[in-house]
Amino acid sequence: MPSKILDGKALAKLAEEDIKASVSKLKENGITPTLATILVGVDPASATYVKMKQNACARLGMDSIAVELSKETTTEELLEAIEKLNQDSNVHGILLQHPVPSQINERDCFDAINVEKDVDGVTCIGFGQMTMGEEAFGSCTPAGIMRILEHYKIEISGKNAVVVGRSPILGKPMAMMLLNKNATVTICHSRTTNLQEHIKNADILVGAVGVPRLIQKDWIKNGAVVIDAGYHPAEKCGDIELEDIDSIASAHTPVPGGVGPMTINTLILNTLLAAQKLI
Ligand code: NAP
């Protein structure tokens, strides 16, 4: 049987209908959900991602405020910009586009975001709350992946989940979200010595490494659910070798059109939820 396509693009489109309706209702109450985006520097990929997020806001009737800072911005200047947005009662969500230029202390700046406005789920406090199963905006890419798994009724409890990558915005929160749904979770990273062996054991495999096609199809267990968070436009692929995946996986996210659209949709959904808390 061919591997089921976990179509993030279609799911995001479907979710947009509900979001649009909820935004209209909020507007009737005098609240327009508003996302502030902060872009530091001129990285073209980051600029494209921010534009896509702003476009999604516009499409759904939400507002966005674009803060664009020069590549020479210091940590102090960025902290000041974040504080202004924290104080602005018209702003419901703050997105600081990752990565920021190397002279900036990104962690300090992420953690300066008021947790109520941390719709991208990047603060340590938000991570801790999510990990403890408390109400929190989870980091958008893993939270989007969880929404895909839920929509397609992928069983998680009791399954072996292997997350390849341990970044603060993706691998680590992904592992915690799967753990909270009772998977047995293995986290692999660049110092993992027997990567293939771990991957062979995965009922649910998440590739979040940032290396084109690092995970080869021969390493994947028959019938595994394969989630590829990577996207490499130049190579037109993700982090997992998805060619011929039909003969191996039971389900998989395509690249593009899998994880990416649900990341943006989750950010927008979280901004709506943050605004809804005001009524
Ligand atoms: P990152 O911060 O560079 O982290 C990469 C992780 O992969 C690190 O934990 C690293 O291990 C691990 N790694 C690197 N090489 C490895 C190897 N050979 N074997 C095993 N592990 C290895 O990247 P990220 O921000 O998490 O992003 C990961 C991927 O997801 C990228 O392709 C990115 O484009 C994609 N992404 C997609 C979205 C979306 O919306 N679709 C959003 C964010 C990211 P160490 O910790 O040991 O260095």
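Whatever order the structure lists them in is the order used to number ligands and atoms, beginning at 1. We use all heavy atoms of the structure for the numbers below, so side chains are in, but hydrogens, waters and symmetry mates are not.
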Specify the protein heavy atom at minimum distance from atom 25 (O) of ligand 1: its residue, its atom name, and the distance to 0.1 Å.
Ile169 CD1, 3.8 Å
Measure from atom 20 (C) of ligand 1 to every heavy atom in His198, His189, Lys172 and give the option owning the shortest one.
His189
Looking at atom 36 (N) of ligand 1, what's its closest protein heavy atom, distance included?
Ala229 O, 3.5 Å
Note: ligand 1 atoms sitting under 4.0 Å from heavy atoms of Leu214 are 17 (C), 18 (N), 19 (N)
Show me which atoms of ligand 1 lie under 4.0 Å from any heavy atom of Gly210.
28 (C), 29 (C), 31 (C), 32 (O)
Could you walk me through whether Leu205 and Ile227 satisfy the side chain to side chain contact (heavy atoms under 4.5 Å, CB included) test, starting with their C-alpha distance in whole Å, then the side-chain angles of each, then the deciding distance to 0.1 Å, before giving a yes or no?
CA-CA 6 Å; Leu205 170 66; Ile227 307 292; over 6 Å; no
Examine the proximity of ligand 1 to Asp239 and report which part, side chain or backbone, both or neither, has a heavy atom under 4.0 Å away.
side chain
For His252 and Ser3, does a side-chain donor sit closer than 3.5 Å to a side-chain acceptor?
yes
Nearest non-hydrogen contact with atom 12 (C) of ligand 1 belongs to which option: Ile215, Val209, Ile187, Val255?
Val209
Salt bridge (Lys or Arg N to Asp or Glu O under 4.0 Å), that's the test. Do Arg59 and Glu16 meet it? Break it down for me.
CA-CA 9 Å; Arg59 210 165 47 237; Glu16 283 197 353; 2.6 Å; yes
So if I count the atoms of ligand 1 from 1 in the order they appear, which ones are less than 4.0 Å from some heavy atom of Thr263?
39 (C), 40 (O)
Salt bridge (Lys or Arg N to Asp or Glu O under 4.0 Å) between Arg213 and Asp239, worked out:
CA-CA 4 Å; Arg213 291 194 189 90; Asp239 293 347; over 6 Å; no
Heavy-atom proximity to atom 46 (O) of ligand 1, best of Arg166, Met262, Met174:
Arg166
closest protein heavy atom to atom 38 (C) of ligand 1 is Thr141 OG1, 3.8 Å
Between Thr37 and Gln54, is any side-chain donor less than 3.5 angstrom from a side-chain acceptor?
yes
To the nearest 0.5 Å, what is the distance between CG on Asp63 and OG1 on Thr32?
5.5 Å
Does any part of the side chain of Ile240, heavy atoms only, come nearer than 4.5 Å to the side chain of Ile220, both counted from C-beta?
yes
Distance to 0.1 Å, residue and atom name: give those for the protein heavy atom nearest to atom 15 (N) of ligand 1.
Val211 CG2, 4.0 Å
Do any N/O atoms on Ser167 end up under 3.5 angstrom from N/O atoms on ligand 1?
yes
Determine yes or no for a side-chain-to-main-chain donor-acceptor pair under 3.5 angstrom, with Asp118 supplying the side chain and Thr123 the backbone.
yes
What atoms in ligand 1 come closer than 4.0 Å to a heavy atom of His232?
32 (O)
Give a yes/no verdict on whether any heavy atom in Ala208 is under 4.0 Å from an atom of ligand 1.
yes
Can you list the steps and then say if Glu155 with Lys181 is a salt bridge (Lys or Arg N to Asp or Glu O under 4.0 Å)?
CA-CA 9 Å; Glu155 207 179 319; Lys181 292 288 178 192; over 6 Å; no
Using a strict 4.0 Å threshold on nitrogen-to-oxygen distance, state whether Lys84 and Asp88 make a salt bridge.
no
Pair Ile268, Ile19 - check side chain to side chain contact (heavy atoms under 4.5 Å, CB included), show working.
CA-CA 8 Å; Ile268 301 301; Ile19 294 174; 4.1 Å; yes
Can you confirm whether something in the protein, heavy atoms only, sits under 4.0 Å from atom 33 (C) of ligand 1?
no
Give me the residue, atom name and distance of the protein heavy atom closest to atom 30 (O) of ligand 1.
Leu170 CD1, 3.2 Å
Among protein heavy atoms, which lies nearest atom 10 (C) of ligand 1, and at what distance?
Ser190 N, 4.2 Å
